[in-house]
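Note that the coordinates shown come from a computational prediction; the quantities given were computed from them, not determined experimentally. Numbered from 1 within each chain, the chains take letters A, B, ... in sequence-line order. What you see below is based on every heavy atom in this structure, not just the backbone, and it leaves out hydrogens, waters and symmetry mates.
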Protein chains: 2
Amino acid sequence: MKILIIEDEPALAQAMTTYLEQEGNLCETAATFEEAWLKSGVYEYDCILVDIGLPGGTGLDIIRKLKKEHKQAGIIIVSAKDSIDDKITGLEIGSDDYLPKPFHLAELNARIKALLRRRKFGGEPQIRFREIVVDPQKQEVLVNEMPIRLTRSEYALLLYFLANPNRVLTKESVAEHLSGDSADLLDTIDFIYSHIKNLRKKLMDAGAGDYIKSVYGMGYKWSVT
Amino acid sequence: MKILIIEDEPALAQAMTTYLEQEGNLCETAATFEEAWLKSGVYEYDCILVDIGLPGGTGLDIIRKLKKEHKQAGIIIVSAKDSIDDKITGLEIGSDDYLPKPFHLAELNARIKALLRRRKFGGEPQIRFREIVVDPQKQEVLVNEMPIRLTRSEYALLLYFLANPNRVLTKESVAEHLSGDSADLLDTIDFIYSHIKNLRKKLMDAGAGDYIKSVYGMGYKWSVT
DNA sequence: TTTGGACTATGAAAATTCTAATTATCGAGG
DNA sequence: CCTCGATAATTAGAATTTTCATAGTCCAAA
């Protein structure tokens with residue numbers, strides 16, 4: 001297992017290296033994002049640990065870049081910032097876990113293992129439901145083999161339903177899911193009516209079944225009969 | 001310290017209660033969201049622990065509800081789901097921390113303490129920068145005491161800049177930040193030009209300084225001189 | 001200093017999201 | 001079985017986001 005450690009505090013980097021190598025891994029360290037970028041261009045890593053606290057860039061950029069080049073690598077953010085904002089953004093951007101400082105080396109190790117276990121099984125394949133196939137990679141949806149064009153909202157909606165078949169989803173939770181917004185107080189959630197309608201129409205027009213049932217007073221359900 | 005534990009596994013609920021009461025807290029448990037909802041209507045809690053794995057709702061709805069009624073309470077998600085999606089959504093929805101199962105009771109306790117410490121000092125006050133004042137609660141922005149109206153994107157952009165003054169933010173990271181999208185492969189990021197332009201205009205029209213500098217070949221910087 | 005190519009700005013149109021008003025539907029209680 | 005109030009669907013349009021084509025600016029090399 002090859003691990004890249006991006007960390008500018010030499011003592012910590014050293015400690016991490018020592019511990020993780022004891023566990024049977026091979027580690028490299030980089031003290032700056034530039035160095036990390038160079039190394040990552042040369043080697044393939046299974047896991048990359050990034051301290052987003054270092055100077056020279058927000059640290060989030062590098063994750064995006066790394067994610068692109070090293071699709072197979074798991075990325076774990078390590079950070080002293082306890083700001084939730086950074087946490088969210090890090091995860092959104094494509095890191096796979098977040099470990100706030102200070103942490104026990106044992107926990108770090110556990111997370112690395114968990115991450116790679118997770119990653120091993122199923123690398124986000126297609127999602128299928130009868131005549132509907134969703135390819136999350138390409139953000140493409142096929143109905144009866146024919147591609148249909150969905151807007152971002154419709155796509156998110158469809159995925160949410162497919163992830164929760166036969167389960168009543170409240171209008172509230174649907175609304176939260178759509179408006180990626182940190183959803184403090186959505187004053188109104190009527191907008192989901194529109195999206196529901198549009199998604200229904202596009203699916204039906206393409207010849208798919210009518211799976212979105214409204215549950216009076218509750219919300220909606222992707223109904224599998 | 002009054003804590004509400006929403007957890008349907010009796011053994012775990014019991015263990016959590018015992019441990020946390022030893023630490024000097026007062027705990028209540030609820031095995032279902034409904035029960036939790038009822039209790040939360042009667043008592044005020046300082047902290048609420050939610051297992052989003054329980055049946056009957058996605059678990060995220062309840063967080064939203066609780067957040068609304070118990071603004072002062074810290075909410076920590078506890079979950080066996082290792083799906084990153086849930087993690088993100090939970091944090092976005094308004095929970096304050098996320099603790100994956102299994103966990104040590106000591107870690108839970110540590111997080112509760114950390115949360116309340118964080119919460120104690122400044123409950124997300126205003127953000128000020130010279131003539132600009134942002135009130136995250138109200139999502140309102142004042143320039144020279146006069147409110148200005150920003151769209152969601154412009155607001156997010158402004159906050160991102162204010163959080164990173166005098167620091168070059170790449171176009172990529174700005175784009176990721178705006179399109180709340182899990183940003184896999186944004187085909188184009190030109191749209192930020194528009195948002196930058198609009199934000200600049202609104203700020204200048206309101207009489208604020210011209211702090212957004214473009215850094216050739218790099219990105220943008222909120223320039224404090 | 002000039003020039004060319006890459007980067008950034010701008011304005012307007014297209015697409016999408018969200019709002020608001022109206023109409024239709026549900027289901028409990030009479 | 002009806003009626004009424006609440007919930008959902010529909011529609012059109014306003015607001016916002018995103019794209020696109022065009023124009024301007026910067027930097028480096030000649």
Practice item. Record whether the side chain of B/Tyr216 comes under 3.5 Å of the base of D/dC26 through a donor-acceptor pair of N or O atoms. Key: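 Side chain to base: pair present.
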Practice item. Please evaluate the base of C/dT17 for a donor-acceptor partner in the side chain of A/Ser194 within a cut-off of under 3.5 Å? Key: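 No, no donor-acceptor pair under 3.5 Å.
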Could you check how far [atom1] of [X] sits from [atom2] of [N], rounded to whole Å?
X        : N      : atom1 : atom2 : result
B/Tyr220 : D/dC26 : OH    : C1'   : 13 Å
A/Phe191 : D/dA8  : CZ    : C1'   : 16 Å
A/Ile212 : D/dA9  : CD1   : C1'   : 13 Å
B/Leu157 : D/dT18 : CG    : P     : 12 Å
B/Lys213 : C/dT8  : NZ    : P     : 16 Å
A/Met218 : D/dA6  : CE    : P     : 16 Å
A/Glu154 : C/dC18 : CD    : C1'   : 13 Å
B/Ile189 : C/dA9  : CD1   : P     : 12 Å

Point to revise | Test log, rule side chain to side chain contact (heavy atoms under 4.5 Å, CB included), inputs B/Phe161 and B/Lys221 | key: CA-CA 7 Å; B/Phe161 276 124; B/Lys221 181 165 83 165; over 6 Å; no
Spacing of [atom1] belonging to [X] relative to [atom2] belonging to [Y], to within rounding of 0.5 Å:
X        : Y        : atom1 : atom2 : value
A/Ile48  : A/Glu28  : CD1   : CD    : 11.5 Å
B/Glu154 : B/Lys202 : CD    : NZ    : 3.5 Å
B/Ile212 : B/Tyr220 : CD1   : OH    : 9.0 Å

Practice item. Look at the side chain of A/Ser214 and decide which nucleotide, out of D/dT18, C/dT16, D/dA8, has an atom nearest to it. Key: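 Taking heavy atoms from C-beta onward, the closest nucleotide is D/dA8.
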Practice item. Measure from the side-chain heavy atoms of B/Arg149 and tell me the nearest of D/dT16, D/dA9, C/dA9. Key: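 So the nucleotide nearest the side chain must be D/dT16.
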Has [X] got a side-chain N or O lying under 4.0 Å from the OP1 or OP2 atom of [N]?
X        : N      : result
A/Arg152 : D/dT18 : yes
A/Thr151 : C/dT17 : yes
A/Tyr193 : D/dA9  : no

Practice item. Using a heavy-atom cut-off of under 4.0 Å over every strand shown, decide if B/Ser153 touches base, sugar-phosphate, or nothing. Key: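 Touches sugar-phosphate only.
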Point to revise | Sugar-phosphate only, base, or nothing, as touched by A/Lys171 at under 4.0 Å among non-hydrogen atoms | key: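 Sugar-phosphate contact only.
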Practice item. Please figure out whether A/Val215 or A/Lys197 has its closest DNA chain D nucleotide nearer the 5' end. Key: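 Final value for this comparison: A/Val215.
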**Study point:** side-chain contact (heavy atoms from CB on, under 4.5 Å) partner of B/Phe129, the single match among B/Val224, B/Leu158, B/Val134
**Key:**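 Only match with B/Phe129 under side-chain contact (heavy atoms from CB on, under 4.5 Å): B/Val224.
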